[in-house]
Amino acid sequence: MRIDVVTLFPDFMRQCAAVGVVGRAQQRELLQVETWNPRDYATDNYRTVDGRTCGGGPGMVMLIEPLRSALKAVREAAPDPVHVIYLSPQGARLTQGRVEALAKLPRIALLCGRYEGVDERLLAHEVDEELSIGDYVLSGGELGAAVIIDAVGRLQDGALNDAQSAEQDSFSNGLLDCPHYAKPVHDALGDVPDVLLSGDHAAIRRWRLKQSLGRTWLRRPDLLAQRALDKESRALLDEFRREHAQ
Ligand SMILES: Nc1nonc1C(=O)NCC1CCCCC1
């Protein structure tokens, strides 16, 4: 998969994509991340990329031309069609389901706004989808782009050493993740639950599912409401609720 990022801070974006699982995915050529700086496509001597807000008011707006030229270069850089995403609080909230769909595309481009935003005409003609990583305002779209690169990059086949860990992530099955423990088995902070030391993989699976269901019930009941539960899950959640009520 190829991800092209249009950003005034290319070094920052390249560093975000160079570490950990995503960096390894790039080394394994499972993922390609390229950056494009609109300032390189500005036509004046000052390499201007912003302009005063029409109608008055504070702040500046990113100009159409440098962004349109940068996106033209993005489209021409490789044969596959590009799905262009603009990061902003006005976008649809990013979900794991949307991440999984994006991870299947051959190419996406991430347009990172700065200042007060991007000229609406550019968004209307060049952007396919507007996405938000949450209901808060950042100083630019780069952190949202970094979130998408990470969430999509780690899902590329071969990126994770143990494919299961993608399936068992929080939200991948619509539930929050279960608790995790490592050695030592006994610590001043407490002990590892006995079931995890039992070697009984069926019991461990049930315990983990019960903990995921219980956590989701306690912390994100909205997610639970969206999810049909099979007979086993209903029984495990009832068990968790009874124990929690005691
Ligand atoms: N929230 C968000 N989710 O994705 N991006 C977000 C953001 O707050 N972005 C900053 C704005 C700042 C003005 C220009 C456009 C981007």
Side-chain angles (χ1 to χ4, degrees), residues 1-9 12-13 16-17 19-22 25 31 33 35 59 61-62 67 71 74 81-156 159-160 165-178 211-229 233 237:
M1 179 176 191
R2 173 169 173 151
I3 303 178
D4 291 278
V5 189
V6 178
T7 171
L8 291 172
F9 300 99
F12 173 67
M13 292 313 303
C16 287
V19 299
V21 168
V22 175
L31 178 73
V33 177
T35 57
V61 174
M62 293 187 81
L67 291 173
L71 285 167
V74 166
V82 192
H83 181 73
V84 180
I85 298 168
Y86 178 58
L87 285 306
S88 90
Q90 286 75 42
R93 178 71 73 83
L94 183 67
T95 64
Q96 187 64 22
R98 190 64 192 133
V99 165
E100 288 165 3
L102 293 174
K104 296 184 174 82
L105 297 177
R107 288 188 75 189
I108 62 174
L110 303 175
L111 176 58
C112 301
R114 282 274 160 173
Y115 311 106
E116 296 306 309
V118 170
D119 189 300
E120 191 65 24
R121 292 165 293 180
L122 186 284
L123 299 180
H125 286 84
E126 296 277 355
V127 169
D128 301 304
E129 181 176 12
E130 200 159 339
L131 287 175
S132 168
I133 61 168
D135 293 336
Y136 37 78
V137 181
L138 303 168
S139 53
E142 282 78 11
L143 291 177
V147 164
I148 291 182
I149 290 169
D150 189 279
V152 164
R154 65 189 291 278
L155 293 184
Q156 298 306 303
L160 295 175
S165 57
E167 288 148 22
Q168 291 173 1
D169 284 348
S170 278
F171 298 97
S172 288
N173 60 2
L175 300 175
L176 299 187
D177 204 2
C178 62
Q211 296 304 313
S212 286
L213 288 159
R215 267 186 171 188
T216 308
W217 171 63
L218 288 171
R219 301 182 189 184
R220 289 294 305 275
D222 58 302
L223 291 177
L224 206 55
Q226 296 169 24
R227 195 178 185 286
L229 298 182
S233 295
L237 181 53

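Throughout, numbering of the chain's residues begins at 1 and tracks the sequence. It should be emphasised that the depicted structure is a prediction, and the values quoted were computed from it without experimental measurement.
Ile108 CD1 to Ile149 CD1: the interatomic distance, rounded to the nearest 0.5 Å, is 7.5 Å. Atoms CD and CG, on Gln96 and Leu223 in that order, are 11.5 Å from each other to the nearest 0.5 Å. The distance from the CG atom of Leu213 to the CG atom of Leu218 is 11.0 Å, given to the nearest 0.5 Å. Taken to the nearest 0.5 Å, the CD atom of Gln156 stands 7.0 Å off from the CD1 atom of Ile3. Taking CG of Leu105 as the reference point, atom NE2 of His83 lies at 6.5 Å (rounded to 0.5 Å). To the nearest 0.5 Å, atoms OH (Tyr136) and CG (Leu143) are separated by 9.0 Å.
Glu126 pairs by the side-chain hydrogen bond (donor to acceptor under 3.5 Å, both in side chains) definition with Arg75, not counting sequence neighbours. Listed by chain and residue number, Asp4 satisfy the side-chain hydrogen bond (donor to acceptor under 3.5 Å, both in side chains) test with Arg107 (two or more places apart in sequence, or in another chain).
Under the 4.5 Å side-chain criterion, counting only non-hydrogen atoms from C-beta, Phe12 is not in contact with Thr7. Asn173 is listed as a side-chain neighbour of Arg227, based on a closest heavy-atom distance under 4.5 Å. Side-chain contact check for Arg2 versus Pro106: every heavy-atom pair is 4.5 Å or farther apart. A heavy-atom distance below 4.5 Å is found between the side chains of Leu102 and Ile85. By the 4.5 Å heavy-atom criterion applied to side chains, Met62 and Leu8 are counted as neighbours. Contact of the Leu87 side chain with the Val147 side chain is not registered, since no non-hydrogen atoms from C-beta on lie closer than 4.5 Å. Within the 4.5 Å cutoff, side-chain heavy atoms of Leu111 are placed close to those of Leu123.
Summarising the geometry of Val99 relative to Ala151, their closest heavy-atom pair is CG1-O, 3.5 Å, with the distance given to 0.1 Å. Closest of all the heavy-atom pairs between Ile133 and Arg93 is C-CD, 4.2 Å. Taking both residues in full, the closest heavy atoms of Val21 and Ala159 are given as CG1-O, 3.8 Å, listed atom of the first, atom of the second, then distance. Gly113 and Tyr86 make their closest contact through N-CE1, 3.9 Å (heavy atoms, listed as atom of the first residue, atom of the second, distance). Taking all atoms of both residues into account, the shortest heavy-atom contact from Thr216 to Leu224 is CG2-N, 4.0 Å. The two residues Ala145 and Cys112 have their closest heavy-atom pair at CB-SG, 3.6 Å.
No donor-acceptor distance shorter than 3.5 angstrom exists from the side chain of Ser132 to the backbone of Ala92, with no hydrogens or angles considered.
Ion pair Asp177/Arg215 not flagged as a salt bridge, since none of the NZ, NE, NH1 or NH2 atoms sits closer than 4.0 Å to an Asp/Glu carboxylate oxygen.
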